[in-house]
Student: 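Can you keep this structure in mind? I'll have questions shortly.
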Amino acid sequence: MADAASQVLLGSGLTILSQPLMYVKVLIQVGYEPLPPTIGRNIFGRQVCQLPGLFSYAQHIASIDGRRGLFTGLTPRLCSGVLGTVVHGKVLQELGPGNVQKEVSSSFDHVIKETTREMIARSAATLITHPFHVITLRSMVQFIGRESKYCGLCDSIITIYREEGILGFFAGLVPRLLGDILSLWLCNSLAYLVNTYALDSGVSTMNEMKSYSQAVTGSCWWMPSFLPNIYVLDRLLVHATKRGEYEPRK
C-alpha cells in the first residue's frame, strides 16, 4: 500500500511539472505554429531559419491564457495517471508474484512470462484510463480554434457522450495499445539480449550491471503513452475541420 501511494505521489508530481511542456508538444505535433521563424545557426555554424523553441511557445500561450493556461488538461491527465497506477498494481497483484528464482531469472521463458504478465497489467490500465487520455488531448488542441467545449472534466464527459456516444471515449485505443505492447516486448527483449550476450556473467559485478541494463532498456516503455498517438490527433483535427474551427496548413 505504501509503495502504491508513493508511486502515485511521485507520478502526480512529475505530471504537474511536465504539463506545460506536454501542452506545447501536443500543439506542435498537430501543426500549430503561431510564431514566425527566426534566424539562427545550425550545428555547422550556417545561418538557417528556425522555429521557436518550447519555451517560446509556452510564453506565447501564457500571454494569451495566462500562466494558468499552461496547465490546461492537467486534471484528466492526473486522473489518468492515478487510476492507471492503481489498476496496474491491482492487476499485477491478481496475477500473482512473478518467478524470481535467480537461476532462471535470465532465461527466455522467464522473460516471456514476466513480459506477458506486465503486458496484461498495462493493457488493463490503458483501457481504463483511455477516456481521460482523449479528454486531455481535446482540451489541449481546442486552444487552436479558441474553443471552450472541453473546459472541465464533467463538461468534457457530457460533450463527448452527447456527440459521439460511448465509442467517443475510446478513439485511438487500438493503436495506443499496440504501441504500448510493442515497446514493452522490444525493451524487454533488448534487455534479455544485452544481459545474455553482451555482458559476461563471470564478472563479479555483472549482476549489478544487468540490473542497470534492465532499468535503462525497460525505461522506454512509457514513451508511447507519453506521446499522443497519431490516430487520436487525427480524429481531433477531423472534428475541428468539419466544424470550421481549424484550417490545416497548406
Side-chain angles (χ1 to χ4, degrees), residues 3-4 6-8 10-15 18 21-22 25-26 29 77 80-134 136-137 170-234:
D3 291 340
S6 62
Q7 290 178 1
V8 169
L10 178 60
S12 299
L14 293 176
T15 297
S18 64
L21 295 182
M22 174 71 174
K25 180 180 67 66
V26 170
Q29 283 184 318
R77 192 174 172 219
S80 177
V82 172
L83 185 59
T85 300
V86 174
V87 172
H88 180 269
K90 291 293 184 181
V91 173
L92 286 180
Q93 185 177 3
E94 291 296 327
L95 293 176
N99 187 3
V100 294
Q101 297 180 3
K102 294 182 179 180
E103 60 270 13
V104 298
S105 61
S106 61
S107 67
F108 191 64
D109 290 339
H110 174 77
V111 173
I112 293 178
K113 291 179 181 179
E114 286 300 304
T115 305
T116 302
R117 181 169 170 267
E118 183 68 18
M119 178 187 67
I120 295 174
R122 290 182 182 175
S123 297
T126 299
L127 180 63
I128 297 298
T129 61
H130 192 74
F132 295 104
H133 181 72
V134 173
T136 299
L137 295 183
F170 297 94
L173 175 62
V174 174
R176 188 183 176 205
L177 277 175
L178 291 178
D180 288 343
I181 293 173
L182 288 176
S183 66
L184 175 63
W185 281 95
L186 287 175
C187 289
N188 285 7
S189 298
L190 178 60
Y192 169 76
L193 292 176
V194 170
N195 292 336
T196 303
Y197 299 104
L199 299 180
D200 184 7
S201 59
V203 181
S204 58
T205 60
M206 274 308 127
N207 288 333
E208 185 178 357
M209 292 183 65
K210 287 182 178 182
S211 65
Y212 290 155
S213 69
Q214 290 174 341
V216 172
T217 55
S219 64
C220 64
W221 71 267
W222 52 265
M223 292 180 64
S225 299
F226 185 75
L227 297 175
N229 65 75
I230 302 302
Y231 182 78
V232 174
L233 293 177
D234 180 69

Student: My understanding is that only residues two or more places apart in sequence, or in another chain, count here; which of them pass side-chain contact (heavy atoms from CB on, under 4.5 Å) with Leu83?
Tutor: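 In terms of side-chain contact (heavy atoms from CB on, under 4.5 Å), with neighbours along the sequence ignored, Leu83 is linked to Val87, Ile128, Thr129, Phe132.
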Student: Ion pair present between Arg122 and Glu118, side-chain N to carboxylate O less than 4.0 angstrom?
Tutor: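 Result for this pair is yes, salt bridge flagged.
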Student: Counting C-beta onward and ignoring hydrogens, is there a side-chain heavy-atom pair between Val111 and Trp185 closer than 4.5 Å?
Tutor: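 No, side chains not in contact.
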Student: Quick one: pull up CG in Leu190 and OG in Ser183 and give me the separation to the nearest 0.5 Å.
Tutor: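 Those atoms lie 12.5 Å apart.
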Student: Suppose we screen for side-chain contact (heavy atoms from CB on, under 4.5 Å). Which residues come up paired with Leu178, at least two apart in sequence or across chains?
Tutor: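 So Leu178 forms a side-chain contact (heavy atoms from CB on, under 4.5 Å) with Val174.
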Student: Taking the side chain as everything from C-beta on, heavy atoms only, tell me whether Val26 gets closer than 4.5 Å to Met22.
Tutor: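 Contact flag for Val26/Met22 side chains = yes.
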Student: Evaluate the side-chain proximity of Val134 to Phe170: yes if any heavy-atom separation is below 4.5 Å, no if none is.
Tutor: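 Answer no - side chains too far apart.
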Student: Taking the side chain as C-beta and beyond, is there a heavy-atom pair between Ile112 and Tyr192 under 4.5 Å?
Tutor: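 In short, these two side chains do not touch, never coming nearer than 4.5 Å.
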Student: Can you name the residues that form a side-chain contact (heavy atoms from CB on, under 4.5 Å) with Ser123, not counting sequence neighbours?
Tutor: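 Once residues adjacent in sequence are excluded, the partners of Ser123 under the side-chain contact (heavy atoms from CB on, under 4.5 Å) criterion are Met119, Leu177, Ile181.
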Student: Could you give the distance from CZ (Arg77) to OG1 (Thr136), rounded to the nearest 0.5 Å?
Tutor: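 Reported to 0.5 Å precision, the distance equals 8.0 Å.
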Student: So, taking the atom named CZ in Arg176 and the one named NE2 in His133, what distance separates them when rounded to the nearest 0.5 Å?
Tutor: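 So the gap between those two atoms works out to 4.5 Å.
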Student: Distance check, rounded to the nearest 0.5 Å: Glu114 atom CD versus Leu95 atom CG?
Tutor: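 Taking CD in Glu114 and CG in Leu95, the distance rounds to 10.0 Å.
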Student: Kindly give the heavy-atom pair with the smallest separation between Ala121 and His88, and that separation in Å.
Tutor: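 Heavy-atom minimum between the residues: CB-CD2, 3.6 Å.
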Student: Locate the shortest heavy-atom distance separating Ala125 from Gly84; write the atom from each residue and the value.
Tutor: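 Taking Ala125 first and Gly84 second, the nearest heavy atoms are CB-O, 3.6 Å.
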